[in-house]
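All values below come from the heavy atoms of this structure, side chains included, with hydrogens, waters and symmetry mates left out. Just follow the structure's listing: the first ligand is 1, and inside any ligand the first atom is 1.
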Amino acid sequence: MELVSSTPLLVEARARGYAVVAFNIHTLEMLQAVVEAAETARSPLILQTTVGTVHHLGAEYIAAAAKVAASQATVPIALHLDHCQDFDLILKCMRAGYTSVMMDASMYPFAENVRRTKAVVDVAQALNVNVEAELGKVGGVEDNIVVDEADALLADPAECAAFIEQTGVPTLAPAIGTAHGIYHGEPKIDFARLEQIARMVEVPLVLHGGSGIPTAQVQRCIALGMAKMNVATELKNAFSQAIRQFFIDHPSSLDPRQYMVPAKAGVKQLAREKMEICGCVNRV
Ligand code: 13P
């Protein structure tokens, strides 16, 4: 198969009441591990990279690896660019083969967010690429984007509806109280707000800050219309903790092919757990 747009995967997920998990990957082994997890789980998959990872590995390298993965996979795989504010970088990623992009203009006033998002939607539609936009502001740390708790803003339901109408964006990430990174205590999710947004907006909704949200809260969000969940921090931690443990046990090892084995296994296991929580197992 070729890489697919994430739009149909997410439309189906919302219609059938589950969420597709989007995993932020930073290395070839992380990519392979989540693909293996999706294959064995018979789950659709979204591979996702931050702008920092695009700078780290290169959009072409990432897209090439994702294309190989998709060509060998028997489950649908999309490649998504997470939180990008740079129109030119979005174009570059689409040219390289990304099938889904996020224009994050949530830091601008509403009209400017509409303008910037619509500019991406106009190009992406012609290329059959999904677009995600954000309303409100998700708190926490994602790469070099840092949003203090005091500055995090929840999305306004009426604005969400107007935003979809004015931009035609096919997927929306409304801030509802989750945050990037690990939570101190339970997240304070505004379920009533999510319910209102989901009633006013038909497009699949995206849950940011997927690491560390208790299972019951994740599943309640999905039941209310969240159709994609982003997981970054926990995946990165699983990968790095496994390598750290490997070097504690084998301090003189120097072979990446050895320490990548437990690192991949750790990522694969975490990916499977997230897929089960999100209900996307056995959907293909
Ligand atoms: P976490 O780092 O909390 O998993 O958040 C991921 C995310 O939302 C990426 O956009």
So the atoms of ligand 1 within less than 4.0 Å of a heavy atom of Thr233 turn out to be 1 (P), 2 (O), 4 (O)

- Task: Determine whether more than 12 heavy atoms belonging to other residues, nucleotides or ligands lie under 6.0 Å from atom CD of Glu165.
- Result: no

Short version for His83: what comes under 4.0 Å of ligand 1, heavy atoms counted, is side chain

Filtering Ala173, Gly140, Ser211, Ala179 for the heavy atom nearest atom 4 (O) of ligand 1 leaves Ser211

For residues 52-76, the salt bridge (charged side-chain N to carboxylate O under 4.0 Å, His left out) pairs (sequence neighbours left out) are Glu60-Lys92

With heavy atoms and a 4.0 Å threshold, my read on which part of Asp82 contacts ligand 1 is side chain

Would you say Phe110 and Gln166 make side-chain contact, with heavy atoms under 4.5 Å?
yes

Ignoring hydrogens and geometry beyond distance, is a side-chain donor-acceptor pair present between Asn237 and Thr233 at under 3.5 Å? no

Shortest non-hydrogen pair, Thr49 vs Ile25, comes out as CG2-O, 3.9 Å

Are Thr74 and Arg42 linked by a side-chain donor-acceptor pair shorter than 3.5 Å?
yes

The atoms of ligand 1 lying under 4.0 Å from a heavy atom of Glu142, numbered in the order shown, are 6 (C), 7 (C), 9 (C), 10 (O)

In ligand 1, the atoms that come under 4.0 Å of a heavy atom of His208 are 8 (O), 10 (O)

Note: ligand 1 atoms sitting under 4.0 Å from heavy atoms of Gly181 are 1 (P), 2 (O), 3 (O)

May I ask you to check if ligand 1 and Val231 share an N or O to N or O distance below 3.5 Å?
-> no

Exercise for the section: Validate the cation-pi geometry between Arg116 and Phe87: distance from NZ or CZ to the six-membered ring centre under 6.0 Å, angle to the ring axis within 45°. Expected result: no

Ligand 1 atoms nearer than 4.0 angstrom to some heavy atom of His180 are 3 (O), 5 (O), 6 (C), 7 (C), 8 (O), 9 (C), 10 (O)

Within 4.0 Å of some non-hydrogen atom of Gly209, the atoms of ligand 1 are 1 (P), 3 (O), 5 (O), 6 (C), 7 (C), 8 (O)

**Q.** Asn24 N/O to ligand 1 N/O under 3.5 Å
**A.** no

Side chain to side chain contact (heavy atoms under 4.5 Å, CB included) with Pro76: of Ser6, Pro44, Ser5, only one passes, and it is Pro44

